[in-house]
2 protein chains.
Amino acid sequence: MGTVGIKDVAERAGVSVGTVSNALNRPGSVRSSTRAKVERAMVELGFVRNESARQLRAGKSRLLAYVVPDVGNPFFTDIARGAEGVAQAAGLALVLCDADSERDREDGFLELLLEQRVHGVLITPIDAANPRLVALADRGVPVVLVDRVAAPGDILCSVGVDDVEGGRLAAEHLIAQGHERIAFVGSPNAMPQVADRYRGAVDATREGADGEILLLDSQRLDVESGRLAAQRLLGIPERRRPTAAFCANDLLALGMLQALTGQGHVVPDEIALVGYDDIEFAAAAAVPLSSVRQPRRELGRLAVTLLLDDAGREGGHQHEHPVLRPELVVRASSSTPPLVALRRGLP
Amino acid sequence: MGTVGIKDVAERAGVSVGTVSNALNRPGSVRSSTRAKVERAMVELGFVRNESARQLRAGKSRLLAYVVPDVGNPFFTDIARGAEGVAQAAGLALVLCDADSERDREDGFLELLLEQRVHGVLITPIDAANPRLVALADRGVPVVLVDRVAAPGDILCSVGVDDVEGGRLAAEHLIAQGHERIAFVGSPNAMPQVADRYRGAVDATREGADGEILLLDSQRLDVESGRLAAQRLLGIPERRRPTAAFCANDLLALGMLQALTGQGHVVPDEIALVGYDDIEFAAAAAVPLSSVRQPRRELGRLAVTLLLDDAGREGGHQHEHPVLRPELVVRASSSTPPLVALRRGLP
DNA sequence: CCGGAAAGTTGAAACGATTCAACTGATCCC
DNA sequence: GGGATCAGTTGAATCGTTTCAACTTTCCGG
């Protein structure tokens, strides 16, 4: 009574295996009375199609994978949500692979996915220069880099958000609120995304003329690092201390917020904060956090769309690199209250 | 130049396909000089094993899936982290499937996983009575229910946390802090986990004699619902208003915290808060949140361990239903400050 | 240097679904 | 009635790997 195959169904229904297969894949081409017989047999025997066998013949599976560096970060799960919708509409299932910030895991997944002959791979790579990515593409598995602005030599599709613009938006906003000394919290050297945000902020202060940016380097982008950054900020003598901080992501900003208010400093009066990503918890903070919102779901949707296009064409697929625009969401953490504004001589 | 198969490798290396397969799966049984030849051929041709074909023969894949109701909830991703470790050690890869709280999606994934003949399925089901779960197990796919305390008729493995105990811990703590009117925020009717937490809290007040519980029903367990619950709480005349709220999860508690402080109410002086799950953002809130911590990673590890045990035995596998103990983490949101304690006549 | 055990290698037969050219009957029209 | 057409149906070949009984080679003690 091992497993029920198409053959058992055929026998039971008194037809050939070809007919069962047709009933399954091209129902229209089978006389309805026959189809009924087959369907009944399938139910009676509890038949479940063996996807491995189908794949073996088809050469491709119906799985789409999104390899993320950290499933714990709501930013990525939101992208996944967006991607899932489009994937499902195309008859593909999206599964998530969590590399947990480890290259080895990421490599392990890529290897597995290649062996599985998955339909396609979305990935926010720990290192976009990983040769496995190109190897995958060479073997005919469409790959799309997610949350990545194309670099010159890129030969893969990618979707990204204009982080320079995002950094600029945040800094311009803070300057408009009257801040002249602004801290940037993050690690521009570790991640290109962060480098861009930093650059955008620096550009804005250059143009604004009377702003300056202080870099508070923070290797990791998590809540704990935010708390530490707050300590360092408070260690600066008050005369020279920045009156605002722009954080490379919301986790950092939340950490700072906690440390600052925990020590009696009022946000935004003493120190204004702007985060990045606009995760759900940003709005839910005790002092709702201003943040640069990335169109996450759109990013996911777009990524799958590109991937399907790539998979669709035979060979000649032009790789694309769309870049979306971020948007500043202003909340209490950076809205200068009237009194403070007056003190700073703002309109 | 289509795809490179084991046959091409065999030809190139001047051996038979059987030998290539052996070199791949039982390297010890192949003379090392032969193995070297084979390996070289594989590299030269860029051979990648076709997992579908292997599966077809083996009857089972090396994929483990965890079907979650909501990847956006850090609680589940932490469980996944725990699970991943054990899975990897066993040579299996764990993928996440996000049902997004929709039954149809969940069903879709289960169907797919069955067709893929996955090695096993972990699931935190939207509805544990879903017949597909048992169907899966009947077809020989090990299934483990996660975050589920076994109900009498259960014929699947499960791992859970004692939510009655968790509810009790939270309520006892609040009572010890001098609170006599306590609100429970959540939807005991929709989810058994929440029902248990509620029951534990009610039990505690019964025994504590001078406590009482007010149920603030909230269908969903997200931040937005928490904000709404806060409104309803504040709508109660102050004389009769609870002085503490125990929320069915941290998202609710964070929502309440935001709404309360946003309207000038001081937590914990006026209203104390306790959440559930102890997600990372709980500690990072502006008023750090007390919460009942569930051993999430341990839950994940245990689930995979059970699953592997189930998969290992031939037929006679005793289903197990371990239940772990939660732990209360007290932070500022429910620590009665000295002055208030004095007013309430506490030691 | 022989016999036999051990080690290494071979190749054909699975695994289960899909495909497709060939076949079978109907149906229709002149 | 004969030929053409068409809708359904058939079953053998195929996908790429694993398995395993049979075979060959190597090794060793006597």
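Scope of the values below: all heavy atoms of this structure, side chains included, with no hydrogens, waters or symmetry mates.
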Heavy-atom side-chain proximity of A/Glu51 to B/Gln55 below 4.5 angstrom: no

Option from A/Leu156, A/Leu122, A/Val121 for which side chain to side chain contact (heavy atoms under 4.5 Å, CB included) with A/Val144 holds: A/Leu122

Rounded distance in Å - CG (A/Leu56) to C1' (D/dT17): 8 Å

Main-chain N/O of A/Asp70 paired to A/Asn73 side chain as donor or acceptor, under 3.5 Å: no

Touch class at under 4.0 angstrom, heavy-atom based, for A/Asn22 against every strand present: base

hbond_proxy B/Arg57 side chain to D/dT17 base (donor-acceptor, 3.5 Å cutoff): no

Touch class at under 4.0 angstrom, heavy-atom based, for B/Val15 against every strand present: sugar-phosphate

Lys/Arg-Asp/Glu bridge criterion (N-O < 4.0 Å) met for A/Asp98, A/Arg105: no

First and last nucleotide of DNA chain C, 5' to 3', lying under 4.0 Å from heavy atoms of chain A: C/dG16 to C/dT19

Lys/Arg-Asp/Glu bridge criterion (N-O < 4.0 Å) met for B/Lys7, B/Glu11: no

Sugar-phosphate only, base, or nothing, as touched by B/Gly5 at under 4.0 Å among non-hydrogen atoms: sugar-phosphate

Residue-level proximity of residues 28-45 of chain A to DNA chain C when a heavy atom falls under 4.0 Å: none

Over 12 foreign heavy atoms within 6.0 Å of CZ, B/Arg220: no

Euclidean distance, atom CG of residue B/Leu24 to atom C1' of D/dT19 [Å, nearest integer]: 14 Å

Distance, rounded to the nearest Å, where B/Lys7 contributes NZ and D/dT17 contributes P: 10 Å

Verdict with supporting geometry, B/Val20 and B/Arg12, side-chain contact (heavy atoms from CB on, under 4.5 Å): CA-CA 11 Å; B/Val20 176; B/Arg12 174 94 172 206; over 6 Å; no

Flag, side chain of B/His119 to backbone of B/Leu63, donor-acceptor distance under 3.5 Å: no

Side chain proximity check, B/Ile123 to B/Leu110, heavy atoms < 4.5 angstrom: yes

Nearest-Å distance for atom pair CG/P, residues A/Asn50 and D/dT14: 21 Å

First encountered from the 5' end of DNA chain C, between A/Val20 and B/Gly18: B/Gly18

